[in-house]
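Scroll down for the structure; my scribbles are underneath it.
Counting from 1, the numbers follow the sequence of the chain as shown.
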Amino acid sequence: TKQLLILPTKRKTMNPTLLEIIQTHGNRTESTCYCELTPSLVPTGKAELKEGFFFLLVTNGTTQLADEYQTYELLPAHLVILTPSTRCMIQAISSHFHAMLLYLKPTFFDSLPDGQPLYEQLAHYLGHYQLPVFLLENEQATYLQKIFALFSPCRNNAANYYDSILNHLCSFCLLQIADILTQTRHETPDYARRSTDIFRLFKKTLMENYRQHHDIGFYAESLHISTTYLSRIVKHITGHTVRFHISELLCADARKLLECTDLDIKEIAEKLGFSDQSVFGKFFVKKTGISPMKFRTQRERDKKNYLLPDA
């Protein structure tokens, strides 16, 4: 009988996403990640950027950033800002390449009131088949490097007030970037300005009413536009739906109330505008994977373990 010779097949190497890389090698929190990017962290020479807010500041060497429309050559002092609706590939990384990279989770970015000025600066690029790539002055790039570097030691030195420090540091960083971009400001098209204004008003209305109003209809009516138009604008700018933004704020608020107050579950449900405790419980389990009571118990146990002195 003839024997069938089976030749080994080569396994196709998948390019990792940049988020996967920096979460493995960078300074990571639940909502942010900071990493100093070098060629050794990208063994395949390519990595995809998608589904997040990325702030990439090149400090040495060169690389390329490519989307489906064009390829950008990045040099030292180039700043790239990517929103969740953007997908591109970093490639052709030189041997001496070095960049500072900050990632913000979309829901965390949207919870920061100081993110809006940056959105306004990026309005020209949204939907224009052009990536937000900026060549900074040397002085601007040096200043921004100092700000980015603050994210590296932050977690180790501020265990007690870390969340608050992180929020303020991110807001400071976003405002500084927005301020730098105003110095190279261009004329924003009317339709882009209109979308940005609507999104800004939506964010303001949402922050003021998300506890009482959980439906998109309320926000569309408040802005005197249709639910379809509001959904399209929010989805285009952030990559997420209106319902997603509402639920993320409610979940973040619920976690804070469960962890930092003595309110019982029923009181928290009422405070957040849910019809009853059961509906709130189902919502919380869907968002976090655990019940409100179990979440509170886990957090209390974690606090006790943190406060216990090392043996």
(request) Give a yes or no on whether the backbone of Asp264 and the side-chain of Glu267 come within a donor-acceptor separation of less than 3.5 Å. (result) yes

(message) Using side-chain heavy atoms (C-beta onward) and a distance below 4.5 Å, is Leu230 in contact with Leu223?
(response) yes

(message) Checking Ile90 against Leu37 for the side chain to side chain contact (heavy atoms under 4.5 Å, CB included) test, could you report, in this order, the C-alpha distance in whole Å, the side-chain angles of both residues, the deciding distance, and whether it holds?
(response) CA-CA 11 Å; Ile90 189 170; Leu37 194 63; 4.1 Å; yes

(message) So for atom CG, which belongs to Asn138, do other residues, nucleotides or ligands contribute more than 12 heavy atoms lying within a distance under 6.0 Å?
(response) no

(message) According to a hydrophobic-cluster definition based on side-chain heavy atoms being under 4.5 Å apart (Ile, Leu, Val, Met, Phe, Trp, Tyr only), do Met207 and Phe244 belong together?
(response) no

(message) In this structure, would Leu75 and Leu144 fall into the same cluster of hydrophobic residues linked by side-chain contacts under 4.5 Å?
(response) no

(request) To the nearest 0.5 Å, tell me how far Cys33 SG sits from Ile21 CD1. (result) 11.0 Å

(request) Just grab all the ring pair (Phe, Tyr, Trp, His ring centres under 6.0 Å) pairs involving residues 75-101, residues at least two apart or on different chains. (result) none

(request) For Lys287, look at atom NZ and say whether over 12 heavy atoms of other residues, nucleotides or ligands are found less than 6.0 Å away. (result) yes

(message) Side chains of Glu36 and Phe148, heavy atoms from C-beta outward: is any pair under 4.5 Å?
(response) no

(message) Once you measure the plane-to-plane angle for His240 and His245, does it fall in the parallel (<30°), tilted (30-60°) or perpendicular (>60°) bin?
(response) perpendicular

(request) Verify, without hydrogens or angle tests, whether Ser247 (side chain) and Arg243 (backbone) share a donor-acceptor contact under 3.5 angstrom. (result) yes

(request) With sequence neighbours excluded, tell me which residues meet salt bridge (Lys or Arg N to Asp or Glu O under 4.0 Å) with Lys256. (result) none

(request) Rounded to the nearest 0.5 Å, what's the gap from OG on Ser95 to CG on Asn60? Could you check? (result) 9.5 Å

(message) Do Cys173 and Gln176 make a side-chain contact, defined as non-hydrogen atoms from C-beta onward lying under 4.5 Å apart?
(response) no

(message) For Phe53 together with Tyr103, are the ring centres under 6.0 Å from each other?
(response) no

(message) Rounded at 0.5 Å granularity, tell me how far CZ in Phe134 sits from CG in Leu181.
(response) 4.5 Å

(message) Could you check whether any side-chain heavy atom of Pro132 comes within less than 4.5 Å of a side-chain heavy atom of Val80, counting everything from C-beta outward?
(response) no

(request) Could you tell me the separation between the CD1 atom of Ile81 and the CG atom of Leu56, rounded to the nearest 0.5 Å? (result) 10.5 Å

(request) Taking all heavy atoms of Leu258 and all of Arg296, pick out the closest pair and write down the distance. (result) O-NE, 2.9 Å

(message) Could you measure the distance from the CD1 atom of Ile265 to the CZ atom of Phe295? Nearest 0.5 Å is fine.
(response) 10.5 Å

(message) Checking Leu136 against Leu57 for the side chain to side chain contact (heavy atoms under 4.5 Å, CB included) test, could you report, in this order, the C-alpha distance in whole Å, the side-chain angles of both residues, the deciding distance, and whether it holds?
(response) CA-CA 10 Å; Leu136 307 182; Leu57 179 63; 4.1 Å; yes

(request) Give the minimum heavy-atom separation between Tyr72 and Val133, together with the two atoms involved. (result) CD2-CG2, 4.0 Å

(request) Look at the side chain of Arg211 and the backbone N and O of Gly273, then say whether any donor-acceptor pair between them is shorter than 3.5 Å. (result) no

(request) Would you name the heavy atoms of Gly61 and Ser94 that are closest together and state the gap between them? (result) CA-OG, 3.5 Å

(request) Work out which heavy atom in Cys88 is nearest to a heavy atom in Asp67; give both atom names and the distance. (result) CB-CB, 4.1 Å

(message) Please determine whether residues Phe54 and Met89 belong to a single hydrophobic cluster, defined as Ile, Leu, Val, Met, Phe, Trp and Tyr linked transitively by side-chain heavy-atom distances below 4.5 Å.
(response) no

(message) Whether the Thr228 and Ser226 side chains hold a donor-acceptor pair (N or O, under 3.5 Å, no angle test) is what I'd like checked.
(response) no

(message) Just so I know, are the side chains of Leu249 and Leu206 near enough to count as touching, which here means a heavy-atom distance under 4.5 Å?
(response) yes

(request) First locate atom CG of Asp215, then atom CD1 of Ile246, and finally report the distance between them rounded to the nearest 0.5 Å. (result) 7.0 Å

(request) State plainly whether one hydrophobic cluster holds both Phe55 and Leu175, where clusters connect Ile, Leu, Val, Met, Phe, Trp and Tyr through side-chain heavy atoms under 4.5 angstrom apart. (result) no

(request) Establish whether Val279 and Val285 are linked, either directly or via other cluster members, by ILVMFWY side-chain heavy-atom contacts under 4.5 Å. (result) no

(request) Output yes when Glu48 and Arg87 qualify as a salt bridge under the 4.0 Å nitrogen-oxygen rule, no when they do not. (result) yes

(request) Indicate the atoms forming the closest heavy-atom contact of Leu272 with Leu250, along with that distance. (result) O-CD2, 3.7 Å

(message) Once you measure the plane-to-plane angle for Phe151 and Tyr34, does it fall in the parallel (<30°), tilted (30-60°) or perpendicular (>60°) bin?
(response) parallel

(message) Determine whether a donor-acceptor pair (N or O, by modelled atom type, separation under 3.5 Å) exists between the side chain of Asn209 and the backbone of Thr205.
(response) yes

(request) Could you please spell out the steps behind the side chain to side chain contact (heavy atoms under 4.5 Å, CB included) verdict for Val234 and Phe199? (result) CA-CA 6 Å; Val234 174; Phe199 180 71; 4.2 Å; yes

(message) Do Asn27 and Cys35 have side chains that approach each other closer than 4.5 Å (heavy atoms only, starting at C-beta)?
(response) no

(request) Please check if the side chain of Lys203 supplies one atom and the backbone of Asp110 the other of a donor-acceptor pair under 3.5 Å. (result) yes

(request) Decide yes or no for Leu104 and Leu174: does some side-chain heavy atom of the first lie under 4.5 Å from some side-chain heavy atom of the second? (result) yes

(message) Quick check against the 3.5 Å criterion: does Thr142 have a side-chain atom that pairs as donor or acceptor with the backbone of Glu139?
(response) no

(message) Counting the benzene-type ring for Trp, do Phe274 and His214 have ring centres under 6.0 Å apart?
(response) yes

(request) Take Arg299 and Arg255 through the side chain to side chain contact (heavy atoms under 4.5 Å, CB included) test and state the conclusion after the steps. (result) CA-CA 10 Å; Arg299 286 307 173 102; Arg255 290 162 63 101; 3.3 Å; yes

(message) With a 3.5 Å distance limit and no angle check, can you tell me whether Glu221 reaches the backbone of Phe218 through a side-chain donor-acceptor pair?
(response) no

(request) For Glu208, enumerate each residue passing the salt bridge (Lys or Arg N to Asp or Glu O under 4.0 Å) test, keeping only those at least two apart in sequence or located in another chain. (result) Lys204

(request) Kindly indicate whether the side chain of Thr241, heavy atoms from C-beta on, has any atom under 4.5 Å from the side chain of Ser231. (result) no

(request) Show your reasoning for whether side-chain hydrogen bond (donor to acceptor under 3.5 Å, both in side chains) applies to Thr29 and Ser31. (result) CA-CA 5 Å; Thr29 74; Ser31 303; 5.2 Å; no

(request) Taking all heavy atoms of Met100 and all of Ala149, pick out the closest pair and write down the distance. (result) CE-N, 3.7 Å

(request) Keeping the roles fixed (side chain from Thr63, backbone from Gln91), state whether a donor-acceptor pair exists under 3.5 Å. (result) yes

